Amino acid sequence: MAVEASDGPVTFKKSSASKSNQLHSEMKNSDSYDDGQSNRKTSDVPASNGQSSSSLNGKASAIESSVDISKESNLKTYTKSSPSANSKFPSLGNKNESLLEKKIPKCDDFEDEEDNTPLSDIRMKMNNDNDKKATPNALKKSYEDSDDDDIPLSARLPHNTNLGESSSNYDDSDKQETASKLSVKRPLDEIGSLHSSGKKPKLSDPGSSINAKQISVRSDAKVEEEDDDDIPISRKKNKVVKLMDKSSSSKKLTNVAKVNKGAAPSFKKKEKLKKSGNESEHSQSTKLQLSSGDGQKKWTTLVHNGIIFPPPYNPHGVKILYKGKPVTLTPEQEEVATLFAVMRDTEYMEKEIFKDNFWNDWRELLGENHVIQNLKDCDFTPIYDWCQIEKDKKKQMSLEEKKALREEKMKQEEKYMWAIVDGVKEKVGNFRAEPPGLFRGRGVHPKMGKVKRRIRPNDVVINIGKDAPIPECPIPGESWAEITHDDTVTWLAKWRDPIKPNKLKMVSLAASSSWKGQSDKEKYEKARMLKSYIGNIRAAYTKGFTSKDITKQQIAVATYFIDKLALRAGNEKDDEEADTVGCCTLKVENVTAEGHNKLKFDFLGKDSIKYENTVEVEPPVYKAILKFQKDKQPGDDLFDKLDTSKLNAHLKELMPNLTAKVFRTFNASFTLDDMLNKETKDGVVAEKTAVYQHANKQVAIICNHQRSVSKNHSTQISKLNEKIDELQAVLKELKIDLDRARKEKPPLKRSSDGKNKRNLNPEAIGKKIAQTSAKIEKMQRDIHTKEDLKTVALGTSKINYLDPRITVSWCKRHEVPIEKIYTKTLLEKFAWAMDVDPDFRF
DNA sequence: CTTATGACTTGCAGCAAGGACG
DNA sequence: CGTCCTTGCTGCAAGTCATAAG
């Protein structure tokens, strides 16, 4: 393959390759993918922030309740093979339209695009000049793609005709039918009625904090819903509630577990039985009918209980020392002092800005004429020690006590954990107001150390259905700032960030919710669409490299970077934030021309993560960069004629809804799909998951997802090495024993303790040798992967960039249990992708 | 147009729960 | 069967991008 593109202008050389070296030089060896060439460097992550947790934060871990159920449903869906997709993602119609009318799904852009895009010709042209030299997989692939670009889209993506509706289904011939037949999808109310003989379910459990006007409770309860149809809703509701409780019980857990692990691996190949009909039943949990468009109505009914606040500050009365003397503080002053005290052994304490900012804010609380006149003379040790003791006490608590505490918390929080959206119960993401704390920015942040004051109900705007009861304000005597009923947004509550007052903090549904699932899916569909446009786009920007119009030229080069290097767009930032850059905000000093068409990138990107990479670029790009840098200072903008909105406006001319970030998604998913399909061999599951991990790692490298090396990394490594040494010694002895045994001599005494060993026959010794060396090998592999991944973060791409359908379909094809790849929460998050066709390709 | 703001996604680190280990 | 380690999950900061406002 690859042939085709090889003559064109765009040289996507080692993009990923070069990047791969990016993280550490260590990994260069042994990694077949990092072939080379590129000059990667080690980037030392400036791991900025040592967070120490303040004891104030309660972290409640989200508990299983609903989880299990949904899991179950996933499995179900799974097993029964794909046909349910449609119902899961109902068309985007308006709830009010009759279902039947909706036969032809309304497609967003996707469909249209395809139709009117005259890609073919353009593409053809392109192919001829496409050049893709050492293209790394991703790009290479894309090139190939562009090759088939001449194939009429319709032919290429036959199934996608209805993208808007159900892109995931490749062959939905029958589904289609099904859909129109029982266009159950949709409106929950409708679904509700379906199941409940037309009445709107009423949720009126007095005990429950949520009173929904209409609830048909699907997702979680769906299991039983089916048999419940004739039960009066009110009762049903109770049942549902119960069910949910149950779900957290171990019983349910076990069931699920059984299903999973049992004889039926999650991804056994199944013949695809396509039944039409009854899928609607299962299509539950995700009814995504939201349209992607903005300003669109996102919901009809929305019921929730608002948010919960941290408990009020409980003064401990411990005094700090000022110039050696104890000072009594008011509770407010003490609270802030405590926030500072607990940060004693973080690296923030070495940062002057941090201390200055803290002092400024604290001083305000102390008042002008306070005894305490400077921070330097304050000794917070007493408070620090007190906190340590408290921490220890907590640690010492018995298991029961801890459990009781946790349950207590759960009980308090439970009502906040759920919202009912259009009758469907959904998990809420973060329903806790952020506790007060000292702001920790990442990198060199001008505001670090500022006091993040306590959020009160009066700061919080609640967004809720008109007919829903207004959540009771959890703090007596206070009240919400405002109640809105904005059905064009998906947040349930918001407040202004006290640190950056023009930033908002919002409470919305959890990642497993339909809202999130739907937009996630749309995101990946958009990226997939880019696949068919990419050839074109590359041709276009290649042409632009030499444009006389400097703006166009800059756009071309910027797009090239975004495509090739997966750079972020790079919005403008103000001085109140850490100084980081993205593509459009690159400074002259961030890119160095090193000769031979090599450009060295070196800058701090999002979260102040260092991006360091040297790449060979197209000669015209190289020239263009030299030109852009000419007559500028190091700190000047490289792309002075450009900003993200201009760039995105341009991208939109090339493909509908295209923006810069789509390239990251595209490159990531494409790479995964490509690598999985090239690398996966027959073998045991562990080998396959290793392939997956390897692909995942490449993606992480492309996206520059780093993590800081854990503090005890080196100790861990040396421990492993020690063990290996020990085993090696054992091995040596065994070999001697083997020799002797063959000569029928008894084994020597054990060197370690001088005791006698059992006299074994050669076979037995041979076996031991094999075992031991296997152990050694395994440990060596462990060390290797550990080193390999010590600065690479795989999670971010798995969560945000890799189309789960690639993973799921791959698992199905290769009989890898999906649980080997996705954790429980990820399975929930990706519920929408579980029933993908095994043949799905990105 | 430019700037501000709002809505929503992406990102790393820390923590705590769960698993491996001796 | 406690301790050490690993890992998943949450917290919240920091991006992107559309749009409203000036």
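Computed from heavy atoms alone, side chains included, the values below leave out hydrogens, waters and symmetry copies. Below, read A as the first sequence line, B as the second, and so on, with proteins coming before strands; counting in each chain starts at 1. What you are looking at is a predicted structure, and each value in this text was computed from that prediction instead of being measured.
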Ignoring hydrogens and geometry beyond distance, is the side chain of A:Lys606 in donor-acceptor contact with the base of B:dT10 at under 3.5 Å? yes

Does A:Arg707 contact B:dC12 through a side-chain donor or acceptor facing the base, at a distance under 3.5 Å? no

What's the [atom1]-[atom2] distance between [X] and [N], to the nearest Å?
X	N	atom1	atom2	answer
A:Asp574	B:dA4	CG	P	9 Å
A:Asn502	B:dA4	CG	C1'	8 Å
A:Asp497	B:dG6	CG	C1'	14 Å
A:Ile799	C:dC9	CD1	C1'	9 Å
A:Glu722	B:dG22	CD	P	12 Å

If you assign A:Lys646 and A:Leu504 each to the DNA chain B nucleotide with the nearest heavy atom, which residue ends up on the more 5' nucleotide? A:Lys646

Heavy-atom nearest nucleotide on DNA chain B for A:Lys829 versus A:Lys723: which residue maps closer to 5'? A:Lys829

A:Glu434 side chain near A:Lys505 side chain, heavy-atom distance below 4.5 Å: yes

Please determine if a side-chain N or O atom of [X] lies less than 4.0 Å away from the OP1 or OP2 oxygen of [N].
X	N	answer
A:Arg664	B:dG11	yes
A:Lys661	B:dC8	no
A:Thr580	C:dG15	yes
A:Lys298	B:dC8	yes
A:Thr823	C:dC9	yes
A:Lys503	B:dA4	no
A:Lys516	B:dC8	no
A:Arg496	B:dT5	no

Per nearest nucleotide of DNA chain C, the residue lying toward the 5' end, A:Leu720 or A:Glu572, is A:Leu720

The answer to which of A:Lys786 and A:Lys573 contacts DNA chain C further toward the 5' end, by nearest nucleotide, is A:Lys786

For the aromatic rings, using the six-membered ring if either is Trp, is the centroid distance between A:His705 and A:Tyr801 under 6.0 Å? yes

Aromatic contact, A:Phe561 with A:Phe601 (centres under 6.0 Å): yes

Could you check whether A:Lys798 gets within reach of a base, just the sugar-phosphate, or nothing at all, counting any heavy atom under 4.0 Å? nothing

So, A:Tyr524 versus A:Ser669: side-chain donor-acceptor pair below 3.5 Å or not? no

Might you confirm whether atom CG of A:Asp579 has over 12 heavy atoms from other residues, nucleotides or ligands at distances under 6.0 Å? no

Any idea which of C:dG11, C:dA13, B:dG11 is nearest the A:Lys452 side chain? C:dA13

